[in-house]
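These notes concern the structure reproduced below.
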Number of protein chains: 2
Amino acid sequence: MQVKIDRGAGIAVWRQIAEWLKAEIAQGTFVTGAKLPTESDIAARFQVNRHTVRRAIAALTGEGLLRADQGRGTFVASTPMNYPIGARTRFSEIVSGQDKTPSGRMIGTGVEDADALIAGQLQMQVGAPLLRIETLRVVDGTPVLVGTSWFEQARFPGLVAAYAETGSFTEALRLCGVEDYSRRETRVSAELVDSQDIALLEIAAGQPVLIVESVNVDPQDRPVQYTRTRMAADRIQLVVES
Amino acid sequence: MQVKIDRGAGIAVWRQIAEWLKAEIAQGTFVTGAKLPTESDIAARFQVNRHTVRRAIAALTGEGLLRADQGRGTFVASTPMNYPIGARTRFSEIVSGQDKTPSGRMIGTGVEDADALIAGQLQMQVGAPLLRIETLRVVDGTPVLVGTSWFEQARFPGLVAAYAETGSFTEALRLCGVEDYSRRETRVSAELVDSQDIALLEIAAGQPVLIVESVNVDPQDRPVQYTRTRMAADRIQLVVES
DNA sequence: GGTAATTTGTTCGTATGTATC
DNA sequence: TGATACATACGAACAAATTAC
């Protein structure tokens with residue numbers, strides 16, 4: 001691709017090279033795991049010093065896009081996974097559809113009283129008992145999201161056991177009499193990762209996470225599940241089709 | 001609302017109070033600008049020491065949700081604004097629909113050559129000239145998002161002038177012959193705010209921003225506009241209906 | 001298995017452009 | 001205008017890790 005470096009144009013040379021690299025990766029020239037040209041080759045290609053290339057690579061390493069191994073080379077660390085959001089958002093289907101291997105495990109359950117926020121979302125009484133299930137979702141061995149889901153306990157007494165057995169909310173809810181469900185509303189925000197999720201998601205303190213809150217409803221449009229998901233922002237990209 | 005404090009349950013009391021406050025604000029009990037009960041009243045309500053309440057308020061102040069003024073009281077600083085995402089996403093319509101006052105200003109324009117990423121999104125040749133327009137959008141006096149939009153220059157030579165005059169992409173594109181447009185795809189991720197946007201969005205370094213990338217298409221489904229928006233994560237919440 | 005070649009990492013120094021007071 | 005600080009860019013040499021032969 002023909003890209004020239006604009007000197008004295010108000011944009012630092014190292015930044016222009018970083019942008020070029022980013023565009024090449026986004027365009028698919030370098031896929032996840034691919035080895036980049038050596039620093040010297042890139043420097044020769046743009047007729048700049050190797051330090052300048054190193055600065056560009058350092059910037060993208062900081063973003064988690066590249067990984068440089070001494071003696072081996074520089075590699076594309078992670079093209080963020082696309083995560084479409086729609087009425088039929090199902091983690092395992094999304095991941096399998098992108099030639100990746102999904103897995104997950106339940107990391108905790110509990111019973112608690114509904115606060116105003118969750119009671120409103122699930123259309124139940126404040127203070128009524130709730131089931132809480134926390135799950136960690138992993139793609140190709142890398143943790144990508146942690147989800148906390150709440151259900152009305154009175155309606156799904158056997159849900160925790162069913163989920164523990166099947167490992168799938170879709171299956172567990174079917175065993176509890178919910179034939180199908182769909183996503184009604186999704187709210188997206190961003191926060192800094194908290195200390196618990198640092199360990200679970202294996203990301204550094206001070207990095208951002210996407211917060212996705214959603215409500216699933218049964219075919220009668222009755223709320224079934226309220227979920228708050230924290231996603232490693234450097235490993236996932238939400239896609240909203242419209 | 002009946003909420004009890006669970007002592008010795010692994011969750012610090014101050015955190016439980018902070019969560020309660022957050023839920024009340026999210027639920028709408030306290031709207032933006034509302035004065036909270038005094039620290040003493042909250043302390044009495046939960047039968048905890050005032051220091052415990054202060055710790056909860058300090059945590060939410062750090063998140064930018066509350067603002068405590070000595071001698072006056074504690075106030076809700078910012079209920080995050082809802083920002084629906086769909087085919088007809090228009091900033092001013094969204095803001096006006098929530099009883100808030102939108103404004104904005106153009107903070108820069110330029111001409112640059114299309115890199116691989118943007119050329120692909122706009123279906124044009126790499127290296128062809130692009131118009132770039134940067135805008136700052138403000139709600140009730142508070143900056144909420146910065147957007148950078150790119151257009152094919154050959155197709156819309158008079159766009160910058162039209163936008164400067166009308167202050168609206170919808171109007172400016174109409175003057176350039178695009179009767180209507182709709183949003184085709186929206187990609188959402190999160191990053192840490194960069195040094196430029198710190199000043200524009202008036203947020204602290206190290207805070208997260210939502211990155212929203214979108215493509216607008218004309219009625220013939222031809223790409224017209226590619227936009228990359230950075231939103232202050234503590235002031236906005238994306239809502240995806242499905 | 002040993003050695004040379006390759007590639008990234010580190011540390012000097014020098015020069016220039018830019019922003020601020 | 002000058003002084004100062006800081007970021008940017010280049011150059012040379014060497015260290016450390018990995019790979020290839």
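As a basis for the values below, the full set of heavy atoms in this structure was taken, side chains included, without hydrogen atoms, waters or symmetry mates. Here is how names work: the chains are called A, B, and so on, in the same order as the sequence lines, proteins then strands, and each is numbered from 1.
- Counting only heavy atoms from C-beta outward, the side chains of B:Ile133 and B:Phe169 approach each other to under 4.5 Å.
- Taking 4.5 Å as the limit, some side-chain heavy atom of B:Ile17 sits within range of a side-chain heavy atom of B:Thr52.
- Taking atom CG on A:Leu66 and atom P on C:dG9, their separation rounds to 11 Å, with Å as the unit.
- B:Glu213 and B:Tyr226 share a donor-acceptor pair across their side chains, judged by distance under 3.5 Å alone.
- For C:dT10, its base never sits under 3.5 Å from the side chain of A:His51 at any donor and acceptor pair.
- Whole-Å rounding puts the A:Lys35 NZ to D:dT19 C1' distance at 10 Å.
- A:Arg50 has no carboxylate O lying under 4.0 Å from a charged side-chain N of A:Asp41, or vice versa, which leaves the two without a salt bridge.
- Taking the six-membered ring where the residue is Trp, B:Phe156 and B:Phe151 present perpendicular rings, their angle passing 60° and hence far from 30°.
- The pair A:Glu19-A:Lys22 does not count as a salt bridge, with every side-chain nitrogen at least 4.0 angstrom from each carboxylate oxygen.
- Of the side-chain N and O atoms in A:Thr52, one or more sit less than 4.0 angstrom from OP1 or OP2 of D:dC10.
- Checking C:dT7, D:dA13, D:dG11 against the side-chain heavy atoms of A:Arg50 singles out D:dA13 as nearest.
- Rounded to an integer number of Å, the gap from CG of A:Asn49 to P of C:dT16 is 16 Å.
- Distance A:Glu39 CD to D:dC10 C1': 15 Å, rounded to the nearest Å.
- Distance A:Gln16 CD to D:dT8 P: 12 Å, rounded to the nearest Å.
- Between B:Leu131 and B:Val111 there is a side-chain heavy-atom pair separated by less than 4.5 Å.
- Nucleotide C:dT18 holds its P atom 16 Å from the CZ atom of A:Arg15, rounded to whole Å.
- Of the residues in residues 68-76 of chain A, those lying under 4.0 Å from DNA chain C by heavy-atom distance are A:Ala68, A:Asp69, A:Gln70, A:Gly71, A:Gly73, A:Thr74.
- Across the protein-nucleic acid pair, A:Gln47 atom CD and D:dA9 atom C1' stand 15 Å apart, rounded to whole Å.
- Residue A:Ile57 contributes atom CD1, which lies 7 Å from atom P of C:dT8 at whole-angstrom precision.
- Considering only side-chain N and O atoms, A:Arg54 lies under 4.0 angstrom from the phosphate OP1 or OP2 of C:dG9.
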